[in-house]
Amino acid sequence: MISVKSISKNFGDVKVLKNVSCDIKKGEKVVIIGPSGSGKSTLLRCMNLLEKPTGGEVWLEDKMITSADPYLHPELVLESATAKKLIAAGMESGAAADKIIAEKLLKKNEGRAFAAALSAYNAQNTIPLNLARQKMGMVFQHFNLFNNLTIMDNLTLAPVELKLKTKAEAKEKAEELLERIGLTDKANEYPSRLSGGQKQRIAIIRALAMEPEVMLFDEPTSALDPELVGEVLSVMRSLADEGMTMVVVTHEMNFAKNVATRVMFMADGVIAEEGTPEQIFTDPRHPRTRQFLHSVLNKD
């Protein structure tokens, strides 16, 4: 469903993601764990282009949401002026492509043939970002509700503005979602009147109101008081039970153990280890994974 191909992300001289690749399959519940600063949230945000990768590609189903990275496509590289120069000097085409990719030799302007090939590849394979984001719901650490709108207006705004539903249809869906999380009585309240846990549950169903195919959660409980965490995790567990494809960045290890179909451990900008929850939590193979789990599971 989501394919991340050799994603890198730099903030100035800091390399936050280093050629990260992973695939999220339909129906999977993938939980990403790791220490602060390991690149977890950046990877998640690159999946729907809230952060633009420095290099690499992100695909949703069979379409890109990024522009093509020519270094992942030897056939595009061979259209470059650099490749043609190497070939003219006697190098075989395959060797020329390998050298350019390995040494990152492409320049800003590689000629008309390269520009045309790159443009054609993008036109054939890229999905509009707004359409991609309709398929990927996102829930953040902070709730990002519109404080000047009622809960009902928060839930109906996007589907109506994007012309996905009529106002009546959007309201009917919102009422259904509010009933699901037990907050029907809050429809006409403003976010300032809700607890943190209630706000985050509203943020989740606001994403669900767009009827996404996959849900991305960026540490959805980290801003909550401990006693409010359970009600948010309960909504997430029910989504998982219904078969929703989910990618969750979290420090909630019990959620990872009990809900995930696959756990990724990130450290220093790479996926250091991944496997089933049972394997990761009972038999971690990477020393950094063992160190992290020992630290977080033995706090008390």
Side-chain angles (χ1 to χ4, degrees), residues 2-24 28-58 65-66 69 104 136-144 196 200 203-204 214-226 228-229 232-233 236 246-257 259-260 262-277 279-281 283-300:
I2 300 175
S3 184
V4 174
K5 300 183 179 182
S6 298
I7 284 293
S8 60
K9 177 62 181 178
N10 302 340
F11 292 102
D13 294 331
V14 180
K15 296 182 178 180
V16 178
L17 296 177
K18 305 169 186 174
N19 295 317
V20 174
S21 296
C22 62
D23 291 314
I24 311 299
E28 277 197 301
K29 289 63 156 154
V30 177
V31 174
I32 306 174
I33 63 173
S36 297
S38 60
K40 308 183 301 296
S41 291
T42 302
L43 174 59
L44 195 75
R45 292 171 69 87
C46 282
M47 287 183 182
N48 69 353
L49 237 58
L50 288 175
E51 293 288 355
K52 185 177 179 181
T54 305
E57 296 172 353
V58 179
I65 66 169
T66 55
D69 182 342
K104 305 289 186 186
M136 290 190 284
M138 181 87 179
V139 179
F140 302 88
Q141 296 179 31
H142 300 286
F143 323 116
N144 292 342
Q200 192 62 294
I204 292 172
V214 56
M215 288 284 288
L216 310 179
F217 294 87
D218 185 9
E219 300 195 29
T221 60
S222 65
L224 299 178
D225 292 333
L228 302 177
V229 168
V232 174
L233 292 180
M236 294 171 65
M246 300 167 64
V247 187
V248 184
V249 171
T250 187
H251 291 291
E252 299 291 337
M253 295 298 113
N254 283 332
F255 181 86
K257 286 180 185 178
V259 178
R262 180 157 49 107
V263 176
M264 294 180 184
F265 171 73
M266 291 192 69
D268 303 317
V270 300
I271 299 172
E273 184 172 359
E274 62 179 303
T276 64
Q279 183 265 304
I280 293 294
F281 285 100
D283 185 27
R285 288 153 197 174
H286 195 285
R288 191 69 183 84
T289 314
R290 292 196 293 270
Q291 179 187 21
F292 172 77
L293 291 175
H294 178 78
S295 173
V296 299
L297 297 177
N298 293 281
K299 282 184 176 180
D300 299 326

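Heavy atoms only: backbone and side chains are in, while hydrogens, waters and symmetry mates are out. Everything quoted here is computed from the prediction, not taken from an experiment.
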So which atom in Val31 and which in Ala260 form the shortest heavy-atom distance, rounded to 0.1 Å?
CG2-CB, 3.5 Å

Sorted by chain and number, sequence neighbours left out, side chain to side chain contact (heavy atoms under 4.5 Å, CB included) with Ser21 holds for Ser6

Side chain to side chain contact (heavy atoms under 4.5 Å, CB included) between Phe255 and Thr221, intermediate numbers included
CA-CA 11 Å; Phe255 181 86; Thr221 60; over 6 Å; no

Here the gap from Phe265 atom CZ to Leu293 atom CG, rounded to the nearest 0.5 Å, amounts to 7.0 Å

Flag side-chain contact, heavy atom, 4.5 Å: Val263 against Ile33
yes

Counting only N and O atoms by type, is there a donor-acceptor contact under 3.5 Å from the side chain of Gln200 to the main-chain atoms of Val232?
no

Here the gap from Gln279 atom CD to Glu274 atom CD, rounded to the nearest 0.5 Å, amounts to 9.5 Å

Residues Arg45 and Met138: closest non-hydrogen pair is CG-CE, 4.2 Å

Can you tell me if Arg262 uses its side chain to pair, donor with acceptor, with the backbone of Val30 under 3.5 Å?
no

CG/Leu44 to CD/Glu51 distance, rounded to the nearest 0.5 angstrom?
11.0 Å

In the structure I gave you, are the side-chain heavy atoms of Phe140 and Ser222 within less than 4.5 Å of one another anywhere?
no

Step through the shown structure and confirm whether more than 12 heavy atoms of other residues, nucleotides or ligands are within 6.0 Å of NZ on Lys52.
no

Polar side-chain atom of Ser8 near backbone of Gly55 as donor-acceptor pair, under 3.5 Å:
yes

Is a side-chain N or O of Thr289 found less than 3.5 angstrom from the main chain of Pro284, in a donor-acceptor match?
no

State whether the number of non-hydrogen atoms from other residues, nucleotides or ligands found under 6.0 Å of Asp283 atom CG is greater than 12.
yes

Are the side chains of His286 and Phe292 in contact, using a 4.5 Å heavy-atom criterion?
no

Closest approach of Met253 and Thr250, non-hydrogen atoms and distance?
CE-O, 3.9 Å

Using only atom types and a distance under 3.5 Å, with no angle test, would you say the side chain of Glu57 pairs donor to acceptor with the backbone of Asp69?
yes

Derivation of the side chain to side chain contact (heavy atoms under 4.5 Å, CB included) call for Ile32 and Met266:
CA-CA 7 Å; Ile32 306 174; Met266 291 192 69; 3.9 Å; yes

Can you find a heavy atom in the side chain of Met47 that is under 4.5 Å from one in the side chain of Ile7?
no

Side chain proximity check, Ile204 to Pro220, heavy atoms < 4.5 angstrom
no

Would you name the heavy atoms of Thr54 and Asn10 that are closest together and state the gap between them?
OG1-N, 2.8 Å

Within the 4.5 Å heavy-atom criterion, are Glu252 and Val229 side-chain neighbours or not?
yes

Distance (rounded to the nearest 0.5 Å) between Ser38 OG and Ile271 CD1
10.5 Å

Specify the closest pair of heavy atoms between Asn48 and Ile65, including all atoms of both residues, with the distance to one decimal.
CA-CD1, 3.9 Å

For residues Cys46 and Val58, report the shortest heavy-atom separation together with the two atoms involved.
O-CG2, 3.6 Å

Pairwise side-chain contact, Met136 with Leu49, heavy-atom cut-off 4.5 Å (strictly under):
no

I want to check something: taking the side chain as every heavy atom from C-beta on, are Lys40 and Glu219 in contact at a cut-off of under 4.5 Å?
yes

Determine whether a donor-acceptor pair (N or O, by modelled atom type, separation under 3.5 Å) exists between the side chain of Glu273 and the backbone of Arg285.
yes

